[in-house]
Amino acid sequence: MSSGNAAWWERAQAVIPGGVNSPVRAFKAVPGDPLFFESANRGHFRDENGKSYIDFCQSWGPMILGHNDPDVREAILSAAGEGLSFGAPSRREVLLAETFLSMVPIFERVRFVNSGTEAVMSAIRLARGATGRDLILKFEGCYHGHADHLLVEAGSGLATFGNPSSAGVPEDFSRHTAVLPLDDEEALTAFFAEHGDRCAALIIEPVPANAGLLLQRQEFLDTCRRLTSESGALLIFDEVISGFRVGSGGAAALYGIKPDLATYGKIIGGGLPVGAYAGSEKLMANIAPLGPVYQAGTLSGNPLAMAAGLATLTKIGAPGFYQALDGKASTLAVGIEDAIEAAGIDACLQRCASLFWIAFQSEAPRAFAAINPDGPKRFASFHAGMLAEGVYLAPSGYEVGFLASTHSDADIAATIAAATRVLTTLTEETA
Ligand SMILES: *Cc1c(COP(=O)(O)O)cnc(C)c1O
């Protein structure tokens, strides 16, 4: 039977809807067909054609240590030697919870689930159960996983109540979700004046990283905290990307804001399926078996997943880890900024710690509506050019890049050199 990327892609499409188990992987927003990953190590992967690439997707963020970290792998193998799943309490759940709370000391209790989506879904249910209110406020451009009530896009005009952004989501559900633009204190203040007393929670990615990188002003996040406190609504930080990425304390520590609840995923599982939500002892006491808010999981706290998370958090908790990663990210950012300038192209580089994004416009957007709609099209050409150079970026102009601690200086230099060549061809294209 034939192998190689093209052959696998053909077979995949014959058995899996669209050939993928998560839509962005299908390369619909960039030229060409998806690559099939054969294996990955540190900052690199090899595809089924035997070609190697520098990987800046890193499984969409979990692999902050790079692929196939030997300590994480060893921890998983060692756990596997003791059994694959128990469906009963086991010590690695406690160890990961203790490690988590020592790194995120603003919280007192943490519950593990199996994905970021599940973490957000559970946190929202908890917020509704604890406040006795139904209404949720989210922001345009923030992604919180694919739970029904969060697959909602901004209503048109003055109507802040959302429309389903996916078929299969009843309008009755989206009626309970309001959507506002980011970066707009005036809209936020007006919303809380009118609806604050029936709002269960405001949920936000404090470092919005799912529609480019829409870095928020401190004052905007402070206003989210103040208005939720004043109205008895809970503030939920969705830290599924930013948790353990922008620093060990996540965005909450970066901005010095204590949310009532926060959700985690990606890095906390070290590459295995883990999500988590955390809060105060009092708030988390609303969850079953202590309280009336039901949430459960057959595989939750799985020993292999807990082992991977524990090994990852232990490594990133070492002194100097984030400083070293930030140094690499800064070198990459400066190199790409220079490449943008040399190419004379309308673009700017956005960065928060080891997250980066190229906005194909002269001024960095802070809200979804401020993103140049042509930007993602220009990114498509950039993506194809970088791929030909052996550099893999997430296949959409709305996705950010992720640096790993095992990207070498040579990887970064090669990436800057490639970006310099590719950005120049973009200038020629538009000339
Ligand atoms: C990835 C992501 C999710 C969903 O996590 P899954 O593990 O894909 O379900 C939720 N919120 C944010 C901010 C994310 O980036």
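Remember, it's 1-based here, ligands and their atoms both numbered in the order they're listed. Below, each value reflects all heavy atoms present in this structure, side chains not excepted, and no hydrogens, waters or symmetry copies. Note that the numbering runs from 1 along the sequence shown for the chain. All values derive from a computational prediction rather than experimental measurement.
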*Of W357, F356, F402, which meets ring pair (Phe, Tyr, Trp, His ring centres under 6.0 Å) against F56?*
F356

*Positive for ring pair (Phe, Tyr, Trp, His ring centres under 6.0 Å) with Y264, one of F100, F237, Y277*: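 Running ring pair (Phe, Tyr, Trp, His ring centres under 6.0 Å) over F100, F237, Y277 with Y264 returns exactly one hit, F100.
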
*Flag side-chain contact, heavy atom, 4.5 Å: Q58 against H67*: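 When only atoms from C-beta onward are counted, H67 and Q58 do touch, with a gap below 4.5 Å.
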
What are the atoms of ligand 1, with element, lying closer than 4.0 Å to any heavy atom of [X]?
| X | value |
| --- | --- |
| S115 | 7 (O), 9 (O) |
| I241 | 15 (O) |
| G116 | 4 (C), 5 (O), 6 (P), 7 (O), 9 (O) |
| E205 | 13 (C) |
| T117 | 4 (C), 5 (O), 6 (P), 9 (O) |

*Which protein heavy atom lies closest to atom 3 (C) of ligand 1, and at what distance to 0.1 Å?*
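Heavy-atom neighbour on the protein nearest atom 3 (C) of ligand 1: V240 CG1, 3.7 Å.
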
*asked:* Ignoring hydrogens, what is the shortest heavy-atom contact between V113 and Q295? Give both atom names and the distance.
replied: CG1-NE2, 3.2 Å

*asked:* My understanding is that we take every heavy atom of each candidate and find the minimum distance to atom 11 (N) of ligand 1. Doing that for N210, L150, D238, which one comes out nearest?
replied: D238

*Identify whether the distance between the nearest side-chain nitrogen and carboxylate oxygen of K315 and D69 falls below 4.0 Å.*
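Salt bridge between K315 and D69, a charged N being under 4.0 Å from a carboxylate O: yes.
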
*Answer yes or no for K266: is there a heavy-atom contact with ligand 1 below 4.0 Å?*
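Checking ligand 1 against K266, which is what was asked, there is a heavy-atom contact under 4.0 Å.
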
*Taking the inter-plane angle between the rings of Y53 and F45 on a 0 to 90° scale, is it parallel (under 30°), tilted (30 to 60°) or perpendicular (over 60°)?*
parallel

